[in-house]
2 protein chains.
Amino acid sequence: MSLASDQARPGAAEKPTLYKRIRLDIETRILTGEWPPGHRIPFEHQLMARYRCSRMTVNKALSELARADLIERRRRAGSFVRRPQHLSAVLKISDIRAEITALGRSYGYQLIDCRRRTATAADRARLGMSTAGKVIAIACRHSADNVPFAVEDRLIDLSTVPEAATADFAREPPGSWLLHHVPWTEAEHTISAVVADDRTAKALDIAVGAPCLVIDRYTWRSARTVTAVRLHYPGETHRLVARFKGG
Amino acid sequence: MSLASDQARPGAAEKPTLYKRIRLDIETRILTGEWPPGHRIPFEHQLMARYRCSRMTVNKALSELARADLIERRRRAGSFVRRPQHLSAVLKISDIRAEITALGRSYGYQLIDCRRRTATAADRARLGMSTAGKVIAIACRHSADNVPFAVEDRLIDLSTVPEAATADFAREPPGSWLLHHVPWTEAEHTISAVVADDRTAKALDIAVGAPCLVIDRYTWRSARTVTAVRLHYPGETHRLVARFKGG
DNA sequence: CACGATTATATGTCTAGACATATAAGTCAA
DNA sequence: TTGACTTATATGTCTAGACATATAATCGTG
């Protein structure tokens, strides 16, 4: 949840509602260090008096701050500024097509290979399938302004996503198709670095031995694996950026 | 904000409060796909009737779902399930010492170089300093079970953090010191991949040309840069893992 | 002094109302 | 048909109460 981002336009200067003002006041005091970690925030009834409002209004402001982990609330004891959180960033790993077009570059897509098959032992291991079943294996490439941007190596579990059998992955990238057709409940990313092997180097048009950023993503839908994908990015030109706020 | 994580222990089976039950009910329907993106959620007064409670209770549940971007609320129109978000992960990039000890490995730290100097042009560019000033430049290494884990190359702006002048970075890693002494309000991470140069290879005890994961982190405190740090991890052994839930 | 029982209190949740406000939908005139 | 005006309605915020509950602080006892 991103706090302090309710105001759409800074110039508007419209009066925020009272509970938002209370929340922002407290948030500001915490972020500037005026109220350091451990500091006890005024009790609800004190804030009621200060802002001349009912307890529910104060409570709403404090509840949201607590939900954002900026403060900790303890019955009978009061509300306290939390210690600075573990650095944690909201790393936005968007759909690649969206990412490229958002950069104002032209998106290109080439399907390298797409085959439907009964899951091999390796496929089953990768997808965590307990039983036999069909999968789709896809290799494809994304490019921005006709420059290779990433190569993708994906497996889709058809027993979880039978609709994928009818999708045309020559036209639409599998990531985009899945994003729009399959609700997902959980995912895991693993980011690592490797040097390009022969096949990857050729697909990305870089030298063998050049660094690559690798993202492995597994996506589940209520305990069933939807898809496993590995993306190679040319490491010297691509960057993952995570911007965030913290306490 | 992570939803659906209020229950501490599944075995406890204590009755959740009503608004949490409402929130969970709706969240479940969305995540299972029973209510697909675009679906209109029952109006507040309908939910009032279904759960036999007041509007404020329903409103609290829906407000939290809206704040978590699972639903979108529009006056007069109702509340709607939002399209699956762009994948976005909470990437926890902890303090390295905490990270290593959390893995149950022994943490080691070696200060390679630490010097205080008037900011050079390069320093000023890296920290975004507009005026002259003093900085601390630190090079150090973190290890886990006596195996090199990461090398760190850091710059601290002393005009933003004068207290850092008195810290003993031979004893305490600068990341840990800063985390505990300086409140920060914003940061930016950039993740990329490179191949190890001579100096990095030596420090990490890997081969020149081996892949490295690089994390650049800039930390600000209300528009003033606190510190800029670059971390090199051996790319084939280190992994950044981001696990998350989505809609 | 140590430890258990009691009490006071701040938060957690909830109610049954209220008015404000944005806007979808309907109405009517050009 | 189109545009401007009106209206109905769902959400947004707020109030002044209520009881529940966890727990810090106090008190009493051995």
Side-chain angles (χ1 to χ4, degrees), chain A residues 1 3-9 12-27 30 35 38-82, chain B residues 1 3 5-9 12-26 30 35 38-82:
Chain A
M1 168 191 314
L3 280 174
S5 56
D6 292 285
Q7 292 282 61
R9 3 178 72 251
E14 37 187 308
K15 204 185 86 183
T17 55
L18 182 52
Y19 92 87
K20 282 180 184 163
R21 223 191 85 209
I22 299 173
R23 195 187 65 197
L24 186 64
D25 279 1
I26 296 171
E27 195 191 334
I30 294 175
W35 287 351
H39 176 89
R40 212 201 59 226
I41 282 174
F43 296 128
E44 291 189 347
H45 72 264
Q46 295 176 302
L47 291 169
M48 282 170 69
R50 163 148 3 148
Y51 290 97
R52 304 175 162 281
C53 65
S54 77
R55 206 185 126 221
M56 277 301 284
T57 302
V58 172
N59 186 277
K60 179 157 187 166
L62 293 181
S63 295
E64 292 196 0
L65 289 170
R67 202 155 173 69
D69 281 336
L70 247 95
I71 65 173
E72 186 189 347
R73 315 198 73 200
R74 291 206 299 275
R75 274 179 155 124
R76 159 82 209 224
S79 303
F80 301 83
V81 177
R82 291 194 51 155
Chain B
M1 166 190 315
L3 280 173
S5 57
D6 293 286
Q7 293 280 60
R9 6 178 70 249
E14 36 187 311
K15 205 183 86 181
T17 56
L18 182 52
Y19 91 87
K20 282 179 183 163
R21 222 190 86 208
I22 299 174
R23 196 187 65 196
L24 186 64
D25 280 1
I26 296 172
I30 294 174
W35 287 351
H39 177 89
R40 210 201 61 227
I41 282 175
F43 295 128
E44 291 189 347
H45 70 264
Q46 295 177 304
L47 291 170
M48 283 170 67
R50 165 151 358 153
Y51 290 96
R52 303 176 164 281
C53 63
S54 78
R55 209 186 123 218
M56 277 301 283
T57 302
V58 171
N59 186 277
K60 180 157 186 168
L62 293 182
S63 295
E64 292 196 0
L65 289 169
R67 201 153 172 70
D69 281 337
L70 248 100
I71 66 172
E72 185 188 344
R73 315 198 73 199
R74 292 206 299 275
R75 275 179 154 124
R76 158 81 208 224
S79 302
F80 301 84
V81 178
R82 290 194 50 155

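Every heavy atom of this structure was used, including side-chain atoms; hydrogens, water molecules and symmetry mates were not. Protein chains get the first letters and strands the later ones, always in sequence-line order, with residue 1 at the start of each. What you see is a predicted model, and the numbers here were worked out from it, not measured in a lab.
- The R75(A) side chain lies nearest to dT11(C) when the options are dT13(D), dT11(C), dC14(C).
- Rounded to a whole Å, the CE atom of M48(A) is 13 Å from the C1' atom of dT11(C).
- Rounding to whole angstrom units, CG of residue N59(B) and C1' of dA16(C) are separated by 14 Å.
- Here dT13(D) presents its P atom at 10 Å from CE of M56(B), a figure rounded to the nearest Å.
- A close approach under 4.0 Å does occur between a side-chain nitrogen or oxygen of T57(A) and OP1 or OP2 of dT15(D).
- With the nearest nucleotide of DNA chain D identified for both A77(A) and L18(A), L18(A) has the one nearer the 5' end.
- Rounding to the nearest 0.5 Å places CG of L65(A) at 9.0 Å from OG of S79(A).
- Residue R55(B) places its side chain closer to dA18(C) than to any other of dA16(C), dT13(C), dA18(C).
- Nucleotide dA24(C) holds its P atom 13 Å from the CZ atom of R40(B), rounded to whole Å.
- Atom CZ in F43(A) sits about 16 Å away from atom P in dT23(D), given to the nearest Å.
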Step by step, would you call M56(A) with M56(B) a side chain to side chain contact (heavy atoms under 4.5 Å, CB included)? CA-CA 10 Å; M56(A) 277 301 284; M56(B) 277 301 283; 3.7 Å; yes
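- At the phosphate of dG12(C), neither OP1 nor OP2 sits under 4.0 Å from any side-chain N or O atom of K60(B).
- Side-chain contact between P42(B) and W35(B): present, with at least one pair of heavy atoms (C-beta onward) separated by less than 4.5 Å.
- Between L70(B) and R23(B), every side-chain heavy-atom pair lies at or beyond the 4.5 Å cut-off.
- In this structure, the CG atom of L47(B) is 14 Å from the P atom of dC14(C), given to the nearest Å.
- Distance CD (E72(A)) to C1' (dA22(D)): 14 Å, rounded to an integer number of Å.
- For dT11(D), the OP1/OP2 oxygens have a side-chain nitrogen or oxygen of S79(B) closer than 4.0 Å.
- Going from atom OG1 of T57(B) over to atom CD of E44(B) covers 10.5 Å, rounded to the nearest 0.5 Å.
- Side-chain N/O atoms of R73(B) include one lying less than 4.0 angstrom from OP1 or OP2 on dG12(D).
- Among dA8(D), dT15(D), dG12(C), the nucleotide with an atom closest to any side-chain atom of R76(B) is dA8(D).
- Considering only side-chain N and O atoms, S54(B) lies nowhere under 4.0 angstrom from the phosphate OP1 or OP2 of dC14(C).
- H45(B) has its NE2 atom 15 Å from the P atom of dG12(D), to the nearest Å.
- Distances shorter than 4.0 Å separate none of the side-chain N or O atoms of K20(B) from OP1 or OP2 on dG12(C).
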